[in-house]
Amino acid sequence: MIGIETEYGIWVEGKGAQDLVAEATYLVQGCPPPCIAGKWDYSREHPRRDVRGFTVSQLSIDPSDAQFEQRGAPHSTDIEVRADRVLPSGARLYNDHGHPEFSTPECTSLTELIAHDRAGETWMQTLAERRSKKLGGTPVALYKNNTDFHGASYGTHESYLFARNIPFDDVIQSLLPFFVTRQIFAGAGKVGSENGAPDANFQLSQRADFFSAIASVDTLYNRPIINTRDEPHADARRFRRLHVICGDANFCEVATLLKCGTTLLLLRLLEQGWRPDPSLVALADPVAAVKQISADQSLKWQVKRASGGSIGAVDIQRVYLLAAREKLTGLSPETDLVLAEWKDVLDKLESDPLGLSDTLDWAAKYALLNEFREAEGLSWSDPYLKSLDLEYHNVDPGAGLYLALEQEGRVRRIVTDADVQIALKNPPAGSPRAIARGIAACRFPEAVQSVTWSRMSLTDGDQTRKVALARLGEADPLVVTEALADVHTPAALVAALDGLLGAGEDPEED
C-alpha cells in the first residue's frame, strides 16, 4: 500500500499568517456531503514513537498544537476546533496547522495513486470556490507547493508499507543516497533560496533548504532526510510504514510515477535482501549533498562520497536502477513502466536535462520562467519570478501555470481526466480498506463514531461495533467489492466484513 499526503499553501485576501489555521479549518469545514465529519480518532496516533525502538519525550512542535481555540476564526460559532473529513473515495481531508491537507486513500497501484493525488487538487479548488461564494466572493487561492517564500516550508509526505523484519539501520543506509539524489527527477523547482542557504538562481527542490538531520522522528523543525516515525496503520508485528517527508509536491504525473515508483522498487529490493555497496553510494555529508545537488547551477550534480572522490547524482541513481532491472523486471506491468521511465529520464538528465520540460516539474517550471525572464530582460533575483513560481502551483485551472501547460498538451500524462473524476468519488479499486471506509462515508456517515486509517467504530441502533480495517489489507479487493455492493446499513457492513474475514484479533489492539 502506498499513499501521498499534501499540505496545500493557502492565501486569502485580507488575511495574514496569524489567520491561516482558522482559514484552513474553515475551508475543510466547507467540504460538501457525503463525508464522515469530525470523527477522526486522534488518540490512535503516535507521532513521537520512533521505529528504532523508543519514544521521544517531545517534538520540536507537537501536532496537538493544531488544536487551536476558535478565537479569530471566521463565523467562529460554526467552526470546529479541528476539522476532519473522510471522503467517499476513502481519502482524508483535514487541517494541519495553517494548511488544508489532502491524504489519498491507500492505493495498491501507481496509476491509482496518481489519479487520487490529482483528485486532491480538484477537491482543494472546490473548497476554495465554496469558501469564496459563502463569504461574498473573497478571493482564495490554494497552492500545491512546499514554500511560501517567507521562510515557511510545508510538506508533501509519502507512505509505503513494507516488511518490519528489515533492520532499520539497513533501511537508513540504503535510502539515504537514493533520497538525496531522487530530486533530480522528483524536484518541483524553485526560484532562489531560503533558510540561510547560499544564493541560487534556480533550484531543483523546494524542500532542500530545510533539511538539517539525517534521521529523526521530527517533521516540522530539525527536519530529517529519513523520518523514523513508527505508525504502521497495519499489523505492527509484520509491517512498517515508511513515512517519507523529503519529497516535493508534484504536478507532473511522470515525476510522481518516478518519485513513488522508484521508492517502492527500492523497498522491494530491500525485502529481497539486496543492499547497495556503500563504497559506491555512501555520501560524506548527506545533508550538505541534498542542498548542493538542488542548487547546482551546472546541472552536473557531483557530490562527495564517504569512500573518497566524487560521484554524480545520475550515477548513484543508476546503481539502484541496475539492481531493480536485474531483480524486478517482469514483476508487473507497472514495474516495467517505472523501470523504462527511470532509465529514459536518467539518460536525458545526463545528456539534455532541460529537454525534460514535458516530463519533470523542475524542468517545466524552469523553461516557463526562463522564457519569460529572457523576454522581459529580468534577472533571476527579480521578485516577480517568485510570484510566477508560486502561480505554477495554483490549483485554479484559470490561474495555475502548470495547469495551463497541461491544457495546452505540453506535458506528458499517466492518467486521464476521466480517471481523476472517478477518483473524486470512488475508492481505488485495489484497496479493500479504502473501499470499506468509502462506503461508510458515502452511505451512512452519521453512524460512524470514530475512524482511522486502520479501524472504524459504527453504531446501529443501540449497538456499537468495531471494524478492524487493518485486517482487510490482504483481502481480495474484487471479493470485498462484491460483498459490500448491496450494504446500506452499519450492521450489514460489519456482518459482510465478518463474513469475509471470520473471527480474528485486531492486529492493532492495545
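Remember, predicted model here, so these are calculated numbers, not experimental data.
- Q203 and D209 share a donor-acceptor pair across their side chains, judged by distance under 3.5 Å alone.
- In summary, the side chains of R182 and T262 do not present any donor paired with an acceptor at a separation below 3.5 Å, with no hydrogens or angles considered.
- Using a 3.5 Å distance cut-off with no hydrogens or angles, the side chains of N95 and T25 do pair a donor with an acceptor.
- By the 4.0 Å N-to-carboxylate-O rule, R207 lies too far from E194 to be salt-bridged with it.
- Checked by atom type, the side-chain pair Q206/S153 shows no donor-acceptor distance below 3.5 Å.
- In this structure, W380 has its ring center closer than 6.0 angstrom to the ring center of Y366.
- The pair D361-K365 fails the salt-bridge criterion, with no side-chain N (NZ, NE, NH1 or NH2) lying under 4.0 Å from an Asp/Glu carboxylate O.
- T156 and E7 are not linked by any side-chain donor-acceptor pair at a separation below 3.5 angstrom, with hydrogens and angles left out of the test.
- The closest donor-acceptor contact from the side chain of N227 to the backbone of V217 lies under 3.5 Å.
- At a threshold of 4.0 Å, the pair D84-R92 counts as salt-bridged, since one of the basic side-chain nitrogens sits closer than that to a carboxylate oxygen.
- Closest of all the heavy-atom pairs between P105 and A91 is CD-CB, 3.6 Å.
- Side chains of E121 and Q125: no donor on one and acceptor on the other come within 3.5 Å.
- Checked against a 6.0 Å centroid threshold, the rings of F102 and Y94 do not count as neighbours.
- Ring-centre distance between Y154 and H99: below the 6.0 Å cut-off.
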